[in-house]
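Everything on this sheet refers to the single structure shown next.
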Amino acid sequence: MKDALQWIWKQPAMVKILLAVVALVLSFAVLKLTVKNHNHFFVASEFIHVAGIVALIYKLTTKKTCSGLSLKTQQLTAMFLAARIVCSFMLEGDIHTLLDLATFVFTAWVMYMIRFKLKSSYIKELDNFPIYYLLVPCAVLAVLIHPFGTSTYISQVLWAFCVYLESVSVVPQLRMMKNAKMIEPFTAHYVFALGVARFLSCAHWIVQVYETGGSYLFLLGYGYLWFPMVILAEIVQTFILVDFCYYYIKSFMQGQLVMRMPV
């Protein structure tokens with residue numbers, strides 16, 4: 001396995017991209033064949049997100065430092081979770097609502113620790129991505145493109161907002177890690193968990209498109225943009241995290257305790 005990763009590392013960028021696409025396609029195929037109820041992808045995705053937050057909580061309580069963590073990503077996470085919880089209560093609560101509540105509480109606790117208890121170890125200068133670059137486009141998109149149905153207009157826009165915001169919420173954390181160039185293990189575990197969670201969520205929609213013969217995408221031709229936008233948001237979020245996940249696996253296979261990101 002280690003030799004295979006070293007071989008991949010030496011290949012040109014286009015070859016790496018091609019291999020990543022092939023690996024994703026094969027992974028989608030395996031998931032489709034092994035998981036009968038594809039709604040389980042969403043549940044698994046949310047459980048993995050919770051596991052990533054728990055890794056952060058362990059770091060904050062045992063290491064007594066929040067170095068390397070982006071407060072802005074936690075704030076964006078809290079925002080889209082709050083929007084999704086409100087929508088869930090307005091529609092119908094289920095296991096997804098419970099998992100979102102648990103994740104929201106854990107995220108709020110992480111924010112509290114960064115802002116107050118461990119403030120001295122928070123490197124604000126590295127956490128410098130302007131979040132309004134993400135919030136404003138997501139809000140505008142939500143107003144323009146959102147689901148239609150029997151629910152209220154507010155819940156439709158809120159649901160779209162949380163989908164769009166979730167797809168880019170990790171950007172400040174990735175920016176901070178690029179600035180720092182070195183990533184501590186628990187922060188890396190957290191972001192990798194987000195990557196796996198997003199892959200499973202994306203797999204759900206890709207499989208749905210395949211099983212419906214692409215009818216979800218054909219809705220685009222009828223002026224109904226919501227489903228194509230959801231799929232696009234999932235794909236964008238997955239590919240945002242692909243590069244990090246590659247370096248995470250590479251570092252893990254090399255036995256490195258601290259990840260190094262390229263400049």
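Since this is a predicted model, take the numbers as computed values, not measurements.
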**Message:** Can a donor-acceptor pair be found, under 3.5 Å and without considering hydrogens, that links the side chain of S45 to the backbone of A197?
**Reply:** yes
**Asked** V143 and L165: same hydrophobic cluster, using ILVMFWY side-chain contacts below 4.5 Å?
**Response** no
**Request:** Look only at the side chain of K59 and the backbone of S67, and say whether a donor-acceptor pair between them is shorter than 3.5 Å.
**Result:** yes
**Prompt:** Rounded to the nearest 0.5 Å, how far apart are SG of C66 and OH of Y122?
**Reply:** 8.0 Å
**Asked** For F106, does the CZ atom have more than 12 heavy-atom neighbours from other residues, nucleotides or ligands under 6.0 Å away?
**Response** no
**Item:** Under 3.5 Å donor-acceptor, K64 side chain and T61 backbone
**Value:** yes
**Request:** Identify the two heavy atoms, one from L71 and one from D127, that lie closest to each other, and give their separation to 0.1 Å.
**Result:** N-OD2, 3.0 Å
**Prompt:** Aromatic ring centroids of Y153 and H146 under 6.0 Å?
**Reply:** yes
**Request:** For the pair T107 (side chain) and A78 (backbone), establish whether a donor and an acceptor sit closer than 3.5 Å, ignoring hydrogens and angles.
**Result:** no
**Asked** So, Q173 side chain and S70 main chain: donor-acceptor pair closer than 3.5 Å or not?
**Response** yes
**Asked** When you measure from the side chain of K72 to the backbone N and O of F129, does any donor-acceptor pair fall under 3.5 Å?
**Response** yes
**Request:** Using a 4.5 Å cut-off on heavy atoms from C-beta on, say whether the side chain of V105 contacts that of L101.
**Result:** no
**Prompt:** Atom CD1 of I114 and atom CG of L60: how far apart are they, to the nearest 0.5 Å?
**Reply:** 6.5 Å
**Message:** Just verifying a value: how many Å separate L158 CG and T152 OG1, rounded to the nearest 0.5 Å?
**Reply:** 8.0 Å
**Residues which pass ring pair (Phe, Tyr, Trp, His ring centres under 6.0 Å) with Y58, listed by chain and number, not counting sequence neighbours** = F186
**Message:** Can you tell me how far apart CG (L174) and OG1 (T73) are? Round to the nearest 0.5 Å.
**Reply:** 7.0 Å
**Message:** Return the CG to CD distance between L56 and Q74, rounded to the nearest 0.5 Å.
**Reply:** 6.0 Å
**Request:** Look up atom CG in D100 and atom OG in S88, then write down how far apart they are to the nearest 0.5 Å.
**Result:** 6.0 Å
**Closest contact, heavy atoms only, P172 versus I131** = CG-CG2, 4.4 Å
